[in-house]
Amino acid sequence: MKLSTNFVKDYVDVDVDAKTLAEDMTRVGNEYDSVENLIKATKLTIGKVIECKAHPDSDHLHVCKVDVGTEVLDIVCGAPNVREGLKVIVALVGAELPAGTIKQSEIRGQVSNGMLCSMAELGLEHKFLKDKDRDGIHELPEDAPIGEDPIKYLKLDDSVIDFELTANRGDLLSILGMAYEIGAIYDKKVKPVDLEYTAESQNVENCFKVEVETENCTLFLAKKVENVTIKESPDFIKNRLMASGIRPINNVVDISNYVMLELGQPLHFYDADRLGNKIVVRMAKKGEKLTTLDETQRTLDENDIVITNGNKAIGLAGVMGGLDTEVENDTKNVIIESAVFNPVKVRMTSNKILRSEASNRFEKGIDPNRTYMAIERACHLLEKYADAKVLSGTCVYDKADKKEKTVEIEYKNINDVLGTNISKEDILDVFRKLDFKYTSDNNKAVVTVPTRRLDISIKEDLIEEVSRIYGVDNIKGTLPKGETRASKLDKTYRQIRDKMIALGLNETLTYILINDKESHKYTLDEFEELKLLAPITEDRNTLRYTMIPSMVKTYEYNKARDINDVAIFEIGKGFYKKQDEYGENTKLCALMTGVYNLGLGVEKQFDFYVVKGIAEEILNYLGYENRYSFVRKDQMPLEFHPGQTAYISVNNDIVGVIARLHPSVENNVNNAKSPVYVLEINLDKLLEKRTGKMKFKEISKFPSIKKDIAFVVDTKTTSLELETNIKKSAGGILEDVRPFDLYMGKSLGEGKKSIAYSLTFADPKRTLTEEEVVTSMQKIIEAVTKKCNAEVRNA
Amino acid sequence: MQEQIKTIKENAINEIKVTEDLKILNDLRVKYLGKKGELTLILRGMGALTPEERPVIGAEVNKAKEEVESLIAEKEQKLQQEELNKKLQEETIDITLPSSKIIRGSKHPVNRVIEEIEDLFVSMGYDVEVGPELETDEFCFERLNLPKGHPARDMQDSFYITSEYLLRTQTSAVQARTMLKNTEKTPIRMICAGKTYRREDDATHSHQFGQVEGLVVDYKENHVSLADLKGTLEVFVRKLIGENLDLRFRPSYFPFTEPSYEVDVTCFKCGGKGCPLCKQTGWIEILGAGIVHPNVLRMNGYDPEKFGGFAFGTGLDRLAMFRYGITDMRYLYTNDVRFLKQFDRKD
């Protein structure tokens with residue numbers, strides 16, 4: 001809301017400058033964005049061109065002598081309309097204009113001590129400029145006083161405060177509402193609105209009818225004025241409209257906007273002769289068409305409120321009028337509409353079709369008493385500035401609640417909530433400043449809230465008023481006094497995060513929105529993708545299911561900046577819809593490629609086994625040691641390397657995956673320069689599997705015995721199979737089995753490999769004998785050779 | 001005989017003196033003191049002496065032996081020390097050469113700030129709560145006193161998936177969830193930090209951003225007040241951004257609190273004198289807060305006649321930016337590894 005300070009001074013005395021006013025308004029909750037002069041230029045004066053000659057060295061410039069009262073200045077001017085005898089706006093040397101500072105200069109050999117200005121050069125907003133303002137310098141009337149301030153002379157000396165109002169303060173979308181607020185701050189009375197006019201004997205109710213067929217219109221008033229003269233508005237109306245951001249059109253249209261600005265009630269003026277003799281308000285029919293003032297055809301539906309002439313829609317209630325009944329230059333007679341429409345419906349329609357100054361006010365609620373005031377005010381102004389004859393009477397449809405609310409509040413309640421000690425007198429003084437009526441006793445006040453304050457209905461609202469107007473700057477901070485209990489904090493994610501960091505990975509924060517084409521990549525899970533109804537860009541139109549696309553994107557970003565060694569991770573959400581159920585999972589995702597610094601100076605390229613090690617480290621750390629395995633699947637996503645993908649199975653349930661990206665994907669992201677690995681674990685799924693508590697295990701006092709053994713097997717046989725059989729057949733004294741060497745050489749024969757294991761035998765209760773271990777080894781060899789088709793490799 | 005002993009001794013002393021080698025020194029030990037050593041041989045040959053001479057010569061030889069022995073030991077120690085020194089000298093390295101790097105990852109600045117806030121509030125008895133990011137309109141808006149069609153919904157242009165489901169626009173959704181799930185309707189102190197989403201994207205707004213939300217609900221007799229809210233936020237701001245910072249409560253409007261405030265903190269860049277960061281006002285807006293609206297309590301099962309409380313919320317991205325002097329919000333989400341790696345040490 002742009003507040004013209006000149007405008008508001010009609011209704012309340014403001015003794016402070018605009019900047020102070022803006023700050024003081026902010027302090028009571030009405031934040032401002034900017035304070036600016038309507039004309040952003042300094043050092044201007046009114047001058048008269050007393051001589052104007054063509055520039056000797058140019059075909060369009062003129063060399064002028066300009067009388068500015070105190071002296072005669074030589075000024076070079078390029079405007080086509082500059083001529084002898086013209087009264088002009090002169091920017092003197094040193095003047096600050098939006099485009100820069102005016103300096104003494106030489107233009108093609110001719111001295112110039114200033115500039116003759118157009119309205120555009122003074123910084124008037126582009127949309128307010130008329131053609132003549134764009135084509136040449138501004139021409140002042142012949143009687144403009146030389147040497148005076150042209151801005152004051154043109155009544156453009158206005159300061160505009162742009163407020164960012166809160167959604168509950170619809171009342172402040174009016175000059176009058178602002179006046180009450182300012183009055184409360186500075187303890188000033190608000191002046192009455194002039195509603196006087198002379199009514200004709202003819203009564204509008206005899207020639208016009210209003211019918212309302214929908215409950216979404218609670219109040220509808222219509223009056224008629226005749227014989228209006230369409231012309232330009234007086235300067236003060238034009239200037240105030242411009243200060244408020246509205247383009248002046250003609251006196252009649254301007255008055256409807258002026259009253260809206262002044263009182264907050266949007267009005268609509270119809271050309272009475274084009275409208276006919278009645279208005280019917282109803283809900284639109286599905287598919288009904290209406291061409292609005294902006295010459296755009298709109299298609300309506302049952303949720304739009306329309307104004308009709310009984311046959312067809314002529315206006316979109318609360319949003320915009322129709323083209324057919326618009327006030328035009330030949331309009332003589334006008335029907336004035338002042339009404340209240342359902343804010344929610346107006347909001348829906350305007351969201352769909354068009355936001356307007358009117359819809360913005362209807363959405364936030366209209367004071368019905370203001371509806372009556374506004375139509376009278378419009379008649380007053382039309383009579384005064386458009387020579388209108390105002391018919392007596394008003395067509396009224398009124399189902400509105402115009403009663404003032406009363407709210408009871410105890411002083412103690414106010415102080416309890418604010419933590420203050422404000423006296424009864426100070427509290428009541430706040431209500432008085434706000435122009436609220438009240439009755440009071442020693443404990444409480446009963447406040448009658450004026451209908452303009454639609455935001456106040458419960459005692460908490462009054463507490464807020466006291467805190468706003470009295471001020472809470474001096475409250476001393478305390479801490480809550482209630483009972484303090486032990487806090488609840490689940491640290492699991494933090495611990496996982498810290499573990500990943502300890503493993504040398506860098507934590508990212510990626511967007512969850514991705515392109516829909518990515519949403520089913522890197523997974524074979526079945527789910528319905530979740531698309532946004534209204535994405536900002538198609539690049540981010542879908543919620544991710546797996547986090548891998550986000551991580552791959554992050555890698556691509558870094559790769560494009562020549563960062564080749566990337567080890568990143570994140571704990572984040574993946575989203576899905578499965579069988580009509582919406583859900584989300586917390587996932588741990590990592591991407592690793594390039595050099596992995598293992599610490600202590602050991603560097604190696606990321607490979608499958610490093611990534612597997614990281615996965616195991618996380619699983620072991622979380623307490624799942626010995627309960628997981630890495631398994632192959634027959635089917636896997638096209639984006640994964642079919643030979644280097646392993647699903648993580650915990651308690652025989654797949655909770656995650658580690659994979660090298662498919663060469664075709666690698667080719668896309670880094671021209672297959674180095675392999676890229678990803679890891680993703682569904683933490684919700686993993687963490688629901690319970691783990692035992694960390695518990696001390698007695699340290700064996702007896703020595704252990706180590707034995708190494710290597711088996712030659714088919715390359716297809718997995719190490720896991722061998723290990724499983726070793727463990728099964730060892731007979732209870734095998735403490736640990738660890739593969740330590742893989743060999744594939746011609747000496748073993750085609751399709752063969754050798755894996756060497758280090759076996760540790762121990763018994764916590766006694767010292768093992770060499771014979772026991774030898775027996776166990778024999779059993780192991782027997783079982784493995786038989787079940788895995790293996791041979792012991794002789795060293 | 002005595003002359004002979006003296007000569008041997010003098011020879012030994014001279015030879016020990018000039019020796020600079022441990023091996024030669026050992027040879028000397030054998031030569032003079034060994035089983036067939038020169039001094040040993042004299043002792044052996046004492047049989048030829050008179051009983052009177054024997055003790056005298058014996059004592060003389062032993063004395064000479066001791067003398068030689070101690071000289072050898074002394075020399076030996078000196079040579080050993082020299083040898084060690086030489087070895088140490090040889091082993092001396094260039095300590096300015098680069099170390100073998102120990103691996104270390106990094107924690108995202110936004111998560112660092114979250115952990116710090118959680119720890120702070122946990123120390124004051126707050127529970128750390130979580131809620132879904134894919135929320136329902138009911139929890140994100142309706143239960144927070146924002147019915148459908150409410151103009152304040154404009155403040156939060158939302159990403160809807162269906163007419164009912166949306167990405168949460170505010171962590172405040174967790175307020176409703178926390179109140180509702182507390183079936184015993186006991187007092188609440190909770191904090192919730194997480195991701196939130198709004199349909200806007202420009203230089204200062206990311207469509208995805210972090211928020212933290214705090215809620216205190218207690219029995220009316222405990223008078224949870226605006227003063228308590230101020231005191232709590234003072235602790236928060238001073239701990240997280242800087243000691244000696246002051247707060248300013250500016251009345252504002254949020255549908256879920258009444259009264260509502262926007263909370264400004266003394267500009268920590270200029271100390272309140274006015275600078276470009278605070279747009280010359282001396283204050284920086286950082287929080288939204290207020291007294292929980294009775295409708296919110298009621299809608300989530302708490303009787304507003306018996307309970308009262310306060311709530312507050314703030315953006316985590318800006319906090320992280322202030323905290324670490326990050327100049328552009330986009331750094332937080334582009335995940336440039338050169339950016340991420342800077343956050344690899346304790347705060």
Side-chain angles (χ1 to χ4, degrees), chain A residues 26-29 166-168 344 347 363-364 416-419 458 460-461 463-464 467-468 472-473 475-482 484-485 487-489 494 497 500-501 503-512 530 532-533 536 554 557-558 561 563 566 573 575 582 584 597-601, chain B residues 100-108 110-111 115 118 122 125-128 132-134 149 151-152 154-155 159-161 165 187 199 201 207-208 216 218-219 222-228 230-232 234 248-253 258-259 291 293-294 308 332-338 340-341:
Chain A
T26 297
R27 206 173 40 78
V28 300
T166 55
N168 60 330
V344 176
R347 190 180 139 82
E363 279 178 21
K364 297 192 167 99
D416 281 351
V417 169
L418 297 180
I458 54 174
E460 284 74 11
D461 299 325
I463 296 174
E464 175 162 73
S467 104
R468 280 186 338 112
V472 289
D473 289 351
I475 292 185
K476 201 173 148 26
T478 52
L479 288 177
K481 292 146 212 68
T484 302
R485 287 158 299 121
S487 300
K488 189 185 85 182
L489 168 65
R494 278 196 197 191
R497 180 182 296 143
M500 293 301 275
I501 292 166
L503 289 168
L505 282 84
N506 300 295
E507 189 185 31
T508 61
L509 186 54
T510 54
Y511 291 135
I512 62 143
L530 296 170
L532 299 179
L533 292 179
I536 300 177
T554 302
Y557 179 90
N558 281 286
R561 282 152 188 78
I563 301 162
V566 174
K573 292 276 175 83
F575 304 85
Y582 293 85
E584 61 190 61
N597 186 338
L598 287 171
L600 300 170
Chain B
S100 303
K101 291 280 177 253
I102 308 292
I103 193 166
R104 179 168 43 153
S106 57
K107 188 178 287 182
H108 196 281
V110 169
N111 280 330
E115 289 185 5
E118 286 178 349
V122 162
Y126 286 62
D127 291 337
V128 175
E133 291 173 25
L134 180 54
D154 279 356
M155 298 193 293
F159 283 124
Y160 278 92
I161 309 293
Y165 279 91
R199 206 176 163 280
D201 234 345
H207 69 272
Q208 176 178 319
V216 170
D218 210 331
Y219 300 111
N222 287 328
H223 302 311
V224 180
S225 69
L226 187 66
D228 293 339
K230 187 174 185 184
T232 303
E234 275 169 355
R248 180 175 77 165
F249 277 59
R250 249 182 319 107
S252 187
Y253 171 69
E258 185 75 28
I291 301 295
H293 197 290
L332 298 177
Y333 294 97
T334 47
N335 299 304
D336 190 311
V337 169
R338 293 166 299 184
L340 299 176
K341 280 187 173 168

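In what follows, every chain begins at residue 1, and chains take the letters A, B, ... in the order their sequences are listed.
For chain A, the option among B/T232, B/L226, B/L332 with the highest count of heavy-atom pairs below 4.5 Å is B/L226. Top candidate by heavy-atom pairs under 4.5 Å with chain B, chosen from A/V344, A/L503, A/L418, is A/L418. In terms of heavy-atom pairs under 4.5 Å with chain B, the best-connected choice from A/N168, A/T510, A/D473 is A/N168. The choice from A/V566, A/I463, A/V472 that makes the most heavy-atom pairs within less than 4.5 Å of chain B is A/V472.
When atom types are taken as modelled, the side chain of A/N506 and the backbone of B/R338 share no donor-acceptor pair closer than 3.5 angstrom. Remark: side-chain polar atoms of A/E464 are not paired, donor with acceptor, to backbone N or O of B/E258 under 3.5 angstrom.
Across A/I563 and B/D336, no two heavy atoms sit closer than the pair CD1-OD1, 3.5 Å. The minimum heavy-atom distance linking A/I475 with B/K230 is given by the pair O-NZ, 2.8 Å.
With a 4.5 Å cut-off on side-chain heavy atoms, B/P294 and A/E460 count as touching. Residues B/F159 and A/L533 fail the side-chain proximity criterion, which asks for heavy atoms closer than 4.5 Å. Contact of the A/S487 side chain with the B/V128 side chain is not registered, since no non-hydrogen atoms from C-beta on lie closer than 4.5 Å. Within the 4.5 Å cutoff, side-chain heavy atoms of B/E118 are placed close to those of A/R494.
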Residue pair B/D228, A/K481: steps toward the salt bridge (Lys or Arg N to Asp or Glu O under 4.0 Å) verdict: CA-CA 8 Å; B/D228 293 339; A/K481 292 146 212 68; 2.8 Å; yes
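Between B/Y333 and A/Y511, the two ring planes are parallel [angle under 30°; tilted spans 30° to 60°].
For A/R468, the parts lying near chain B are the backbone and the side chain together; criterion is any non-hydrogen pair under 4.5 Å.
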